[in-house]
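To find a chain, count down the sequence lines: A is the first, B the second, and so on, and within it residues start at 1. All values reported here derive from a predicted model rather than from experimental measurement. Below, each value reflects all heavy atoms present in this structure, side chains not excepted, and no hydrogens, waters or symmetry copies.
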Number of protein chains: 2
Amino acid sequence: MGVTIKDIATISGVSFSTVSKALNNSPLVKPETKSKILKIAQEMGYEPNFAARRLVSKETKTIGLVWPSIERAALSTLVTKINAEVEKNDYSMILSINSTKSAVDMFKRFQVDGIIIFKENDDSSYLDTSYFSNIPAISYGDGNQTGIPFIDVNYKKAMYLAVEYLYQLGHRDITYIGDFSLGDSRQTEKYEGFKEAMKHFHLQLKAQTLLNTGGLDWQSGYRTTNRLLESSNIPSAIIGGSYDLSGGIIRAIKEQNLIIPKDISVIGYDNIPQMGDLETPLTSIGVPVDVLAKNITDSLFQQIQQPDSVPLIQRLEPELKERISCAAKVKKD
Amino acid sequence: MGVTIKDIATISGVSFSTVSKALNNSPLVKPETKSKILKIAQEMGYEPNFAARRLVSKETKTIGLVWPSIERAALSTLVTKINAEVEKNDYSMILSINSTKSAVDMFKRFQVDGIIIFKENDDSSYLDTSYFSNIPAISYGDGNQTGIPFIDVNYKKAMYLAVEYLYQLGHRDITYIGDFSLGDSRQTEKYEGFKEAMKHFHLQLKAQTLLNTGGLDWQSGYRTTNRLLESSNIPSAIIGGSYDLSGGIIRAIKEQNLIIPKDISVIGYDNIPQMGDLETPLTSIGVPVDVLAKNITDSLFQQIQQPDSVPLIQRLEPELKERISCAAKVKKD
DNA sequence: CGAAAAAATAACAACGTTGTTATATATCAT
DNA sequence: ATGATATATAACAACGTTGTTATTTTTTCG
């Protein structure tokens with residue numbers, strides 16, 4: 001089919017190995033012959049065969065990302081950031097939206113230099129380290145379930161920060177709206193963290209203090225908040241468990257003609273810029289996506305570049321980003 | 001690094017060529033040894049090296065999809081469907097979220113057997129056929145801008161169907177809310193199609209008949225609709241230009257305490273199941289995603305399997321899916 | 001001028017597969 | 001039992017590169 005270095009060799013009357021060196025701009029070949037060969041290669045429309053090249057030199061300069069749940073918006077920002085970070089390191093990124101197992105299989109076939117895994121909540125397939133046959137890998141969240149290094153977030157700390165912030169503003173009646181139905185350890189940790197923080201500040205847990213949405217999407221947040229607002233006990237502040245949930249929460253509040261933050265303060269989990277694009281720019285807690293992206297890629301590249309070093313397993317600290325959805329509680333008595 | 005057929009050979013005590021045949025289920029190797037080898041390969045976690053395979057037999061059984069705009073929800077459904085379709089054909093799919101050019105470069109490196117391109121509105125880089133160096137490719141939408149075969153949608157027909165449907169329900173005052181600011185030919189074609197349909201039914205174009213959102217997202221739809229509803233001339237029906245826009249449109253209408261479809265009928269463009277999951281399940285027009293996915297992959301596989309055939313370039317016909325967001329216009333006189 | 005050193009090129013072995021050809025082993029008919 | 005025929009396995013040559021080693025050619029300088 002295509003033009004090979006052997007074709008170029010016969011045309012230019014040198015050996016194919018000289019052609020190879022000329023094309024790779026090796027100092028081992030005389031400048032004149034080099035430029036002659038380059039010219040001929042150009043004219044013949046030579047394109048290197050990557051399969052052949054990859055077979056001998058072990059690097060693909062590519063990392064694979066497993067992302068089974070493309071539909072969730074919050075993660076797509078992170079993926080974009082990671083991609084940018086990867087490019088910055090002169091690597092390319094390919095994505096698979098299949099299950100972890102079949103995605104990893106494919107990445108092995110393509111011999112990627114590293115693998116990033118976004119673990120799906122409902123994907124219970126356990127892959128231990130050996131499955132990756134020495135390909136450096138890192139997973140985001142839920143790392144304990146795959147045997148590989150992971151980057152995680154200190155969710156408890158996040159909830160502590162949120163409660164503390166609201167407490168200092170004078171709030172005593174705070175509701176957490178999140179998904180703590182089961183399985184996903186990230187969600188249950190937020191839930192636990194909130195309870196601990198409330199206890200720490202000696203705040204009472206009432207019937208309406210912890211509301212389980214049963215999902216992480218907009219609708220779940222919307223419905224749950226409506227249920228809350230229809231009741232008699234409306235809290236002075238709400239913490240939303242995810243970006244999408246928080247969108248629904250805001251919506252429901254506005255529909256009751258309540259004003260954020262005058263009537264009710266809201267904090268959302270997930271530290272992504274889009275939080276500022278919501279109808280009401282939302283004060284939020286979480287690890288900024290840039291930090292997440294940087295840590296994930298750094299840890300992976302460290303494994304790639306120093307295969308024998310102990311992989312960086314991090315528990316990232318969340319930050320609180322003030323916007324305009326929280327205000328001091330006004331005493332009503 | 002990874003397990004090779006030679007490793008399997010030494011373990012199972014046969015030659016590596018026998019292993020190769022066993023793995024390819026050749027009839028030349030005794031069933032017993034075949035299954036023995038297969039079992040060992042399984043245990044060792046063998047995955048074939050694509051680069052090596054590709055070097056000798058020209059296939060990788062992989063197709064690449066270029067998808068620069070991961071953030072748009074409507075497309076993610078299509079991607080998922082295409083992935084399923086690809087798997088059904090015993091191929092794998094990898095994704096790149098980079099610009100068309102660098103994505104194609106990478107896919108060339110990996111020697112994928114075919115490429116699917118989702119063209120980004122603002123990506124003006126023109127790649128002619130030769131850039132793909134004979135790799136079969138197909139683009140979805142905006143195909144004329146890359147020199148390669150494309151699958152497109154008859155957007156004019158879609159708008160005709162929508163207007164016709166509303167006309168038959170008695171609506172005479174219909175507003176189109178969409179993004180026809182510039183560039184994206186898909187959007188301008190919807191816009192033109194709407195105007196033609198209105199003309200065909202002898203309906204008047206008033207000041208509020210065509211509203212340009214300047215974007216395709218939820219917020220754009222929401223803002224534009226609010227502006228419309230604050231004016232004195234409220235139409236009896238609205239057509240939304242995309243899934244996300246339509247979400248914003250519904251929201252704005254509800255906030256004005258108008259009821260869909262009693263007070264106002266709404267049709268949305270994009271024929272995806274999620275249309276039914278909106279607050280008000282929306283009657284919609286568009287090519288069903290399954291049909292789109294099937295056509296895209298079919299055309300690509302046809303090119304792969306019969307390289308000399310003329311590629312299927314299709315202009316798909318939209319369909320109208322009735323849900324509950326439209327009602328007959330009630331005469332008020 | 002001629003040997004040693006340097007520079008340029010050629011030869012060859014990998015890389016991990018597949019496909020073809022050659023060899024060993026089992027099966028069969030006579 | 002013996003050669004002929006299947007059947008099973010092994011050996012080996014590709015595929016198009018890169019990197020290492022061997023050979024040739026050129027330069028240097030005593």
- Check the distance between C:dC15's P and A:F110's CZ and give it to me in whole angstrom. 22 Å
- Message: Can you measure A:E32 atom CD to C:dA7 atom C1' for me and round it to whole angstrom units?
- Response: 13 Å
Which atoms of nucleotides 8-11 of chain C (N or O only) lie under 3.5 Å from a protein N or O atom, and what are those distances?
from: C:dT9; atom 1: OP2; to: A:K30; atom 2: N; distance (Å): 3.0
from: C:dT9; atom 1: OP2; to: A:T33; atom 2: OG1; distance (Å): 3.0
from: C:dA10; atom 1: OP2; to: A:S15; atom 2: N; distance (Å): 2.7
from: C:dA10; atom 1: OP2; to: A:S15; atom 2: OG; distance (Å): 3.4
from: C:dA10; atom 1: OP2; to: A:T18; atom 2: OG1; distance (Å): 3.0
from: C:dA11; atom 1: N7; to: A:S17; atom 2: OG; distance (Å): 3.1
from: C:dA11; atom 1: N6; to: A:S17; atom 2: OG; distance (Å): 3.4

- Would you confirm whether A:Q303, through its side chain, and A:A137, through its main-chain N or O, come within 3.5 Å as a donor-acceptor pair? yes
- side-chain hydrogen bond (donor to acceptor under 3.5 Å, both in side chains) with A:Q111: which residues, sequence neighbours excluded? B:N49
- Identify whether the distance between the nearest side-chain nitrogen and carboxylate oxygen of A:R186 and A:E189 falls below 4.0 Å. no
- Applying side-chain hydrogen bond (donor to acceptor under 3.5 Å, both in side chains), name anything that partners A:D105, two or more places apart in sequence or on another chain. A:K101, A:Y131
- Message: Just the rounded figure in Å: distance from P of D:dG19 to CD1 of A:I5.
- Response: 12 Å
- Among C:dC15, C:dT17, D:dC15, find the nucleotide with the atom closest to the side chain of A:L55. C:dC15
- Separation of C:dT17 atom C1' from B:D7 atom CG, nearest Å, is 13 Å
- Mind checking A:T4 for me? I need base, sugar-phosphate or nothing, with any heavy atom below 4.0 Å counting as a touch. sugar-phosphate
- Quick one: is D:dC15 close enough that its OP1 or OP2 comes under 4.0 Å of any side-chain N or O from A:N49? no
- Message: Rounded to whole Å, please give me the gap between CZ in A:R54 and C1' in D:dC15.
- Response: 14 Å
- Query: Should the heavy atoms of other residues, nucleotides or ligands under 6.0 Å from NZ of B:K294 be counted, would the total exceed 12?
  - Reply: no
- Item | Proximity of B:F110 and A:F110 rings by center, below 6.0 Å | yes
- Message: Using five base pairs at each end to define the local axes, how bent is the helix from C:dC1-D:dG30 to C:dT30-D:dA1, to the nearest 10°?
- Response: 60°
- Figure out the CZ/P separation between A:R109 and C:dT18, and round it to whole Å. 13 Å
- For B:F50 and C:dT18, what is the distance between atoms CZ and P respectively, to the nearest whole Å? 11 Å
- Task: Quick one: list whatever passes salt bridge (charged side-chain N to carboxylate O under 4.0 Å, His left out) with A:K39, sequence neighbours left out.
- Result: A:E43
- Message: Taking the ring centre of each residue, are B:F132 and B:F107 less than 6.0 Å apart?
- Response: no
- Query: Within this structure, what is the NZ-to-P distance between B:K6 and C:dA14, rounded to whole angstrom?
  - Reply: 9 Å
- For B:R54, what residues pass the salt bridge (charged side-chain N to carboxylate O under 4.0 Å, His left out) criterion, not counting sequence neighbours? B:D113
